[in-house]
Every structure is written in C-alpha cells, then in structure tokens.
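Worth knowing before you read on, the calculation uses all heavy atoms, side chains too, and leaves out hydrogens, waters and symmetry mates.
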Protein chains: 2
Amino acid sequence: MQLEKRQLSQSEENYIKAIYALSETCEDTISTNLLAERMSTKASSVTDMLKKLTDKELLTYQKYQGCGLTPKGRAIALSIVRKHRLWEVFLVDKLQFGWDEVHEIAEQLEHIQSTQLTNRLEAFLGYPKVDPHGDPIPNDEGVFDTPAVRVSLASCETGSKGIVMGVDDGSPEFLQYLNKIDLKLGSEIEILEKLSFDGSLLIAMEKRTIQFSHVVAARIFIQPYQS
Amino acid sequence: MQLEKRQLSQSEENYIKAIYALSETCEDTISTNLLAERMSTKASSVTDMLKKLTDKELLTYQKYQGCGLTPKGRAIALSIVRKHRLWEVFLVDKLQFGWDEVHEIAEQLEHIQSTQLTNRLEAFLGYPKVDPHGDPIPNDEGVFDTPAVRVSLASCETGSKGIVMGVDDGSPEFLQYLNKIDLKLGSEIEILEKLSFDGSLLIAMEKRTIQFSHVVAARIFIQPYQS
DNA sequence: CTAAAATTTTAGACGTGTCTAAAAAATAGT
DNA sequence: ACTATTTTTTAGACACGTCTAAAATTTTAG
C-alpha cells in the first residue's frame with residue numbers, strides 16, 4: 001500500500017486516527033455521533049469531514065450509514081500510529097519522560113511529515129516493538145510483529161499468573177496511579193481472588209497484595225503463563 | 001521575559017520568525033514587501049497578519065511604516081529559533097542526517113509546543129552551543145552564549161587564516177557543494193589570494209587549493225587566528 | 001514641487017474547519 | 001403500523017489565512 005504524497009491537514013489526520021482507533025475496539029462501522037464524542041466536536045462538523053475524506057478515497061461512507069477506512073485510509077492511520085508510538089518511546093527512553101507525560105507531546109509529533117525521519121528514529125531507538133504502554137508499533141509497511149498474547153486482567157480467572165504486557169494509555173491519572181503502586185510493563189502478577197459482589201480483584205504483585213476495581217483490571221493487560 | 005501561555009498558530013509563528021531573521025540581518029524596521037517576499041506570500045496577506053500580531057502586542061507596527069518585534073515578540077522568536085536549532089542538532093548528531101537535509105524537517109519540529117521537551121532535548125544533546133551550520137543556540141531565557149568571533153570569508157584579507165565557524169544554511173544546494181569539497185565546521189582555511197577583477201578567492205584548505213566566488217565566500221564564516 | 005512610480009492598505013472573495021438551528025432519516029415503543 | 005425519539009444531515013454563519021483588484025499613501029524623479 002503506497003501512501004500518496006498529497007498530504008493531509010492535522011485535523012484530517014486526527015479524524016483518520018480516531019476512526020482507526022474506534023474500528024479496532026468497536027464494531028467495524030463507526031457512527032457519526034460516536035466519532036463526534038471521540039473528537040470532542042459536533043456531529044455536523046463530523047459529517048462535513050466525513051464527506052471530505054470520502055472524496056479523498058480514505059473513507060467508505062454513506063449518508064446515515066456510518067463510515068469505515070479504505071485500505072488507503074488505514075495505511076495513513078497506521079503511519080500516524082507508528083509515528084505516535086515511536087515518539088513516545090523516544091520521550092520515555094531518551095528524554096526520561098514518564099509514561100503518563102508523553103501522550104500530549106506525541107499527539108503533536110505524530111503529525112511531522114517525513115518518512116525518512118520516522119525510519120531513522122525507529123533505527124535510533126533500536127526497532128522497538130511496543131510503546132511505553134505496551135501498544136505495538138507497526139513497521140514502515142503498516143504491519144505489526146506477531147503480537148504477544150494480551151488479555152485483560154479483568155477477563156482472567158482466579159489463580160491466573162502472568163506478566164503485565166500493556167496498560168490503557170488513555171488517561172494520565174490512571175498511569176500515575178500505576179506509578180504509585182509501582183506497576184510496570186514486565187511486572188509479575190497473580191490473581192488471588194475475584195470478589196463477585198463488586199467485580200474487584202485481589203492481586204499479588206512482587207510480594208505485595210493489591211486490590212483492583214473491575215474498571216482498573218479491565219485496563220491492564222497481561223500475558224498469562226501457560227500452566 | 002515570560003512567554004505567555006496563549007499559543008500562536010504555525011502561521012503566526014512563521015511570521016514572527018521571519019521578522020526576527022530580517023531584523024537581525026537588515027535594518028531594524030521591516031517593510032511589508034520584504035516580508036511578503038520572505039514568506040512567499042502577497043503584501044495584502046502580510047498586512048492582515050501584521051495587524052493581528054500587533055493586536056497581540058508582539059509587533060510594533062504603524063501603517064505604511066513597517067514593523068518590528070516587541071520584547072514579547074522577540075522572546076517568542078528566540079524560542080522558535082532555539083527549538084529549530086536544537087532539533088537540527090538532534091537530526092544530525094543522533095539520526096545521521098546531513099546538514100543539507102535538516103532544515104525542512106526542523107521547520108516542522110520547531111512548532112512543537114512543550115518547553116519541557118525543548119529543555120530535555122537540549123540536555124540530551126549535551127547543551128550544544130551551535131547548530132550544524134554554526135548558528136548559535138539561545139538558552140531557555142533567549143540569551144546567546146558569548147558568541148565566537150565570526151567574520152565572512154569575503155571580508156577577510158589576503159593571507160588571513162582561520163577556522164570555519166559557520167555557513168549560510170539557506171540552501172541545500174550550497175551545503176551539498178560544501179560537502180563535495182569536504183568543507184566542514186572546524187576546517188582550517190587560509191586565503192592565498194583575492195582576485196580583484198571578479199572578487200573570487202583562492203583558498204588553501206587542508207593541503208588543497210580551492211577557488212571560491214565572492215558569493216560563496218560571503219556565505220562562509222571563519223574565526224580568524226590572531227596573528 | 002509636482003507628477004509618475006512604487007509600496008502599502010483596504011475591500012471583497014474563497015477554502016478550511018468549526019458552530020447553531022432546523023430539516024430529514026432511521027430507530028424504538030406502543 | 002404509526003408516532004415519538006434519537007441520530008444524522010443540511011443550511012447558514014463565523015474565524016482564520018489566503019488571494020485579487022482597487023484605493024490610499026509614500027517615494028522617486030523630472
């Protein structure tokens with residue numbers, strides 16, 4: 001998939017990225033309202049942008065029927081995601097930012113236009129496969145390395161053990177909470193008990209015991225040991 | 001001088017930067033047409049922007065009288081210059097770009113908004129004092145280190161010796177020419193002869209002899225040996 | 001000193017991306 | 001099946017940064 005030279009505005013790129021993110025997590029056709037909420041804007045603005053991006057052949061969109069990315073649109077989304085995650089690695093590994101501080105800056109850096117820059121940055125960082133939150137980094141062709149098994153802590157059974165492979169990167173507050181309890185990528189975890197009345201979990205982590213609400217557990221992903 | 005949090009658009013920043021650059025090299029009041037040429041835009045567009053930036057108290061401007069930066073405007077210009085040059089050092093020192101390749105990318109990176117990022121980048125790079133073309137990098141307060149003596153090769157007399165401290169960074173072609181003749185910052189240079197009829201110079205550099213036109217000589221800056 | 005030339009500003013327009021308010025279509029409830 | 005409600009789109013507006021064409025001002029030159 002060849003990316004066209006015709007470049008997009010930051011706004012257009014942000015829409016493409018949001019549509020990509022939503023189609024990964026939710027169903028495959030994205031509603032106007034969902035996108036409006038995600039972009040913190042109004043549905044009417046979304047409709048306008050949807051038309052424009054459809055004209056550019058980056059979206060499949062029919063009135064009242066929601067939208068989805070074309071292969072070309074998906075390729076652009078992946079290149080933005082790639083840049084975002086590589087810059088996050090740079091900020092954390094090289095500039096000593098915390099994983100809770102990098103999102104906002106990476107939101108700006110992801111729009112820098114230079115494939116050569118992206119590829120050299122990747123080499124400089126030693127071809128990282130995941131960003132500081134454990135999210136995978138696609139290669140220059142938009143392909144992810146064989147992703148490690150990653151399941152939500154909330155979906156694991158009592159007695160499961162595993163290694164933390166990823167965390168939700170959506171909120172600095174959540175990441176700061178994880179800092180406070182010293183949970184990192186690579187931490188070893190065991191589910192001691194699941195409390196059925198509120199869905200919370202008792203967790204053993206490096207000789208300490210912690211209680212996670214269901215909401216927290218759903219935002220932490222582990223690679224379970226086969227046992 | 002405290003930079004206000006109120007952030008400028010990239011367009012506004014580019015105007016500020018261009019006005020700063022022009023007021024460094026030329027007279028202290030910048031004409032509308034000069035700025036229009038520099039920005040590759042029309043005089044009418046410049047007038048509009050001048051009004052806007054004057055309203056924001058970044059410019060002194062009176063109809064038909066040209067413009068100049070206020071202290072606040074100058075502080076913003078210096079912060080942009082600082083970011084531009086630090087990113088150029090990053091691209092050359094860390095990502096192995098050539099000094100002829102970095103300008104365009106730095107033009108984008110200079111608009112990234114994060115003082116913390118800039119300062120950490122500076123530390124990561126080892127507090128460089130000049131960019132890859134020898135241009136000085138101001139500190140976080142907009143102050144330049146005591147700049148080394150830098151005179152244009154064209155203004156030196158026959159017999160002068162010195163070390164190349166800077167080159168004009170305006171055109172990739174010029175920088176590629178310098179690559180070809182293997183002229184770098186730090187190269188030792190002696191003026192063997194100045195040819196009066198066309199202003200060109202015969203130069204000795206590391207055991208080789210090279211002829212520079214006046215135009216080229218005017219774009220190379222040396223620190224002369226006191227002798 | 002005044003007329004011609006150059007520069008600069010104003011007026012009105014356009015494309016982008018956003019908004020509000022109103023209309024149209026789809027969905028849900030009875 | 002037919003309203004009522006929700007979702008989505010359209011219509012019209014605005015701020016931004018740009019443009020062209022015309023008017024105003026300054027500069028130059030005779």
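Between A:Pro138 and A:Val81, the shortest heavy-atom contact is CD-CG1, 4.3 Å.
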What are the atom names and distances for every N/O pair under 3.5 Å that joins the protein to nucleotides 1-3 of chain D?
none

Tabulated below should be each protein N or O lying under 3.5 Å from an N or O of nucleotides 19-26 of chain C; please produce it.
residue	atom	partner	partner atom	Å
C:dC19	OP2	A:Thr41	OG1	2.3
C:dC19	OP2	A:Lys42	N	3.2
C:dC19	OP2	A:Ser45	OG	2.7
C:dT20	OP2	A:Lys42	NZ	2.9
C:dT20	O4	A:Ser44	OG	2.9
C:dA25	O4'	A:Tyr64	OH	3.4

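With rounding to whole Å, B:Gln10 atom CD is found 12 Å from D:dT18 atom P. If you take NZ of A:Lys51 and C1' of C:dT18, they are 14 Å apart, rounded to a whole angstrom. Protein atom CE of B:Met39 is 7 Å distant from nucleotide atom P of D:dT18, rounded to whole Å. B:Gln62 places its CD atom 11 Å from the P atom of C:dT9, with the value rounded to the nearest Å. Here the C1' atom of nucleotide D:dC16 and the CD atom of B:Glu13 are 15 Å apart, to the nearest Å. Per the geometry, CD1 belonging to A:Ile30 stands 11 Å off P belonging to D:dT8, to the nearest Å. With rounding to whole Å, A:Asn14 atom CG is found 15 Å from C:dT16 atom C1'. Summarising the geometry, the separation between CE on B:Met49 and P on D:dC19 is reported as 11 Å, rounded to the nearest angstrom.
Sequence neighbours left out, not one pair with a member in residues 41-50 of chain A passes salt bridge (Lys or Arg N to Asp or Glu O under 4.0 Å).
Evaluation of the salt bridge (charged side-chain N to carboxylate O under 4.0 Å, His left out) rule for A:Lys184 yields A:Asp182 as partners, not counting sequence neighbours. Judged as a salt bridge (charged side-chain N to carboxylate O under 4.0 Å, His left out), and not counting sequence neighbours, B:Arg38 has no contacts.
Within the 4.0 angstrom heavy-atom criterion, only backbone atoms of the sugar-phosphate kind lie near A:Thr32; the bases stay farther away. In this structure, B:Thr47 reaches the bases: a heavy-atom distance under 4.0 Å links it to at least one base atom across the strands shown.
Contact annotation: A:Tyr15 does not reach the phosphate of C:dT16 (side-chain N/O to OP1 or OP2, under 4.0 Å). Within the structure, a side-chain polar atom (N or O) of A:Asn33 is placed less than 4.0 Å from OP1 or OP2 of D:dT8.
Around the CD atom of B:Glu173, the shell of radius 6.0 Å holds more than 12 heavy atoms that belong to other residues, nucleotides or ligands.
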Residues 91-111 of chain B, side-chain donor-acceptor partners within the protein, below 3.5 Å, at least two apart:
residue	atom	partner	partner atom	Å
B:Gln96	NE2	B:Asp93	O	3.4
B:Trp99	NE1	B:Leu175	O	3.3
B:Trp99	NE1	B:Asn179	OD1	3.1
B:Asp100	OD2	B:Gln176	NE2	2.9
B:Glu101	OE1	B:Gly98	N	2.6
B:His103	ND1	B:His84	NE2	3.4
B:His103	NE2	B:Glu107	OE2	3.2
B:Glu107	OE1	B:Lys17	NZ	3.4
B:Glu107	OE2	B:Lys17	NZ	2.8
B:Gln108	OE1	A:Gln113	N	2.6
B:Gln108	NE2	A:Gln113	O	3.1
B:Glu110	OE1	B:Lys17	NZ	3.4
B:Glu110	OE1	B:His84	ND1	2.8
B:Glu110	OE2	B:Lys17	NZ	2.9
B:His111	ND1	B:Glu13	OE1	2.6
B:His111	NE2	B:Asn14	OD1	3.0
B:His111	NE2	B:Glu107	O	3.3

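The pair B:Glu24-B:Arg74 counts as a salt bridge, with a side-chain nitrogen and a carboxylate oxygen less than 4.0 angstrom apart. Of the charged side-chain nitrogens involved, none lies within less than 4.0 Å of a carboxylate oxygen, so that A:Glu157 and A:Lys194 do not count as a salt-bridged pair.
For the residue pair B:Ser31/B:Asn33, the side-chain donor-acceptor check at 3.5 Å is not satisfied.
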